[in-house]
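The next block holds one structure in the form of structure tokens; read it before the comments.
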Amino acid sequence: MLRSLMLLFGAAMFALVPTSSLGGTPQQAAPPPAPAAPAAAPAAPVSYPANPVKPTPESQAKAKSLYKMDCAMCHGDNGNGKTDVATSMGMTMPDWSDAKTLAGKQDGELFQTIRNGKDKMPPEAASRANDTELWNLVIYIRSFSKP
Ligand code: HEC
């Protein structure tokens with residue numbers, strides 16, 4: 001009888017030992033609260049002039065014919081850039097049939113690229129396309145990703 005009581009007592013002691021001292025996962029302290037957002041505003045993105053042009057069917061028809069004469073040889077009739085000229089000149093072309101390509105670009109940035117050229121792309125002279133026509137070209141190339 002005494003022996004069985006002592007066994008019971010021993011078992012009870014064992015059960016009372018905290019699990020942490022038996023190799024269980026120790027309780028983790030709660031993480032400190034996240035720091036408040038920094039007060040300084042992030043650097044302002046470069047801002048380009050907004051597109052001042054409201055496209056009309058006529059101005060877009062003009063843009064389309066300009067595009068076919070001056071741009072399609074490299075960028076392709078559907079704007080995807082998969083052209084023989086691009087391949088033979090070893091150029092990496094943007095694919096405008098994918099809306100993501102131009103999503104992060106402002107019209108004014110595209111305007112400047114067209115007017116000034118970029119890498120192997122020649123500039124579009126004002127004698128070929130005046131500013132209004134060039135803004136219309138920007139609108140036109142954005143239309144390649146629209147159904
Ligand atoms: C000789 C081939 C060639 C011709 C012609 C050409 N481009 Fe390009 N264009 C390129 C190449 C190559 C790039 C990529 C330049 C780079 O990012 O390095 C490019 C880039 C651009 C970009 C920038 C796109 C972006 O995703 O940032 C625009 C906009 C553009 N072209 C418009 C035009 C327009 C409009 C015309 C016609 C007036 C034209 N291009 C004519 C080769 C050409």
Side-chain angles (χ1 to χ4, degrees), residues 8-147:
L8 257 178
F9 186 66
M13 284 303 289
F14 184 80
L16 285 173
V17 175
T19 49
S20 59
S21 65
L22 292 174
T25 318
Q27 289 261 307
Q28 297 244 299
V46 183
S47 88
Y48 293 89
N51 194 330
V53 160
K54 286 262 172 294
T56 64
E58 294 73 32
S59 73
Q60 284 298 289
K62 175 82 207 272
K64 182 176 182 171
S65 71
L66 260 179
Y67 180 87
K68 283 206 184 287
M69 285 187 288
D70 292 354
C71 324
M73 74 206 77
C74 292
H75 287 281
D77 280 345
N78 56 10
N80 69 6
K82 296 184 184 19
T83 58
D84 292 343
V85 174
T87 308
S88 65
M89 285 178 72
M91 298 184 294
T92 308
M93 304 301 295
D95 176 1
W96 298 325
S97 64
D98 180 349
K100 287 196 287 292
T101 306
L102 294 175
K105 311 245 169 161
Q106 298 171 43
D107 280 11
E109 187 178 1
L110 303 176
F111 181 101
Q112 285 186 10
T113 300
I114 300 167
R115 184 58 94 213
N116 303 328
K118 187 176 178 191
D119 302 334
K120 290 180 181 164
M121 173 171 145
E124 179 74 345
S127 57
R128 300 279 314 159
N130 65 28
D131 284 1
T132 302
E133 288 163 341
L134 211 134
W135 284 117
N136 270 290
L137 265 176
V138 171
I139 295 166
Y140 182 70
I141 65 176
R142 283 198 190 277
S143 72
F144 288 126
S145 66
K146 300 187 179 119

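FYI, side chains are in, hydrogens and waters are out, and symmetry mates aren't considered; it's all heavy atoms of this structure. One-based numbering, in listed order, for ligands and for the atoms of each.
- When heavy-atom distances to ligand 1 are checked against a 4.0 Å cut-off, Pro122 comes that close only through its side chain, counted from C-beta outward.
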Does the pair Asn136 and Ser59 meet the rule for a side-chain hydrogen bond (donor to acceptor under 3.5 Å, both in side chains), with working shown?
CA-CA 7 Å; Asn136 270 290; Ser59 73; 2.7 Å; yes
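- Near Leu102, meaning under 4.0 Å from one of its heavy atoms, ligand 1 places the atoms 26 (O).
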Lys82 and Thr87: CA distance, side-chain angles, deciding distance, side chain to side chain contact (heavy atoms under 4.5 Å, CB included) verdict
CA-CA 8 Å; Lys82 296 184 184 19; Thr87 308; over 6 Å; no
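- When heavy-atom distances to ligand 1 are checked against a 4.0 Å cut-off, Ile141 comes that close only through its side chain, counted from C-beta outward.
- Contacts between Lys105 and ligand 1, counted as non-hydrogen atom pairs separated by less than 4.0 Å, involve the side chain only.
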Going through the checks in order, is the salt bridge (Lys or Arg N to Asp or Glu O under 4.0 Å) test met by Lys62 and Glu133?
CA-CA 8 Å; Lys62 175 82 207 272; Glu133 288 163 341; 2.9 Å; yes
One pair to check against side chain to side chain contact (heavy atoms under 4.5 Å, CB included): Met69 and Arg128. What are the steps and the verdict?
CA-CA 10 Å; Met69 285 187 288; Arg128 300 279 314 159; 4.1 Å; yes
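- For the pair Asp95/Lys100, no side-chain contact is recorded, criterion being any heavy-atom separation below 4.5 Å from C-beta on.
- Annotation: side chain of Met73 is not in contact with side chain of Thr83 (no heavy-atom distance under 4.5 Å).
- Ring geometry for Trp96 versus His75: interplanar angle under 30°, hence parallel rather than tilted (30 to 60°).
- Residue contact annotation: Trp96 has a non-hydrogen atom under 4.0 Å from ligand 1.
- Around atom 8 (Fe) of ligand 1, the protein atoms of type N, O or S that sit closer than 2.8 Å are His75 NE2, Met121 SD.
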Evaluation steps, side chain to side chain contact (heavy atoms under 4.5 Å, CB included), between Glu109 and Val46:
CA-CA 9 Å; Glu109 187 178 1; Val46 183; over 6 Å; no
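- Nearest to atom 14 (C) of ligand 1 by heavy-atom distance, out of Leu66, Asp119, Thr92, is Thr92.
- The shortest contact between atom 5 (C) of ligand 1 and any protein heavy atom is with Asp70 O, 3.3 Å.
- No side-chain heavy atom of Ser97 sits less than 4.5 Å from a side-chain heavy atom of Asn78.
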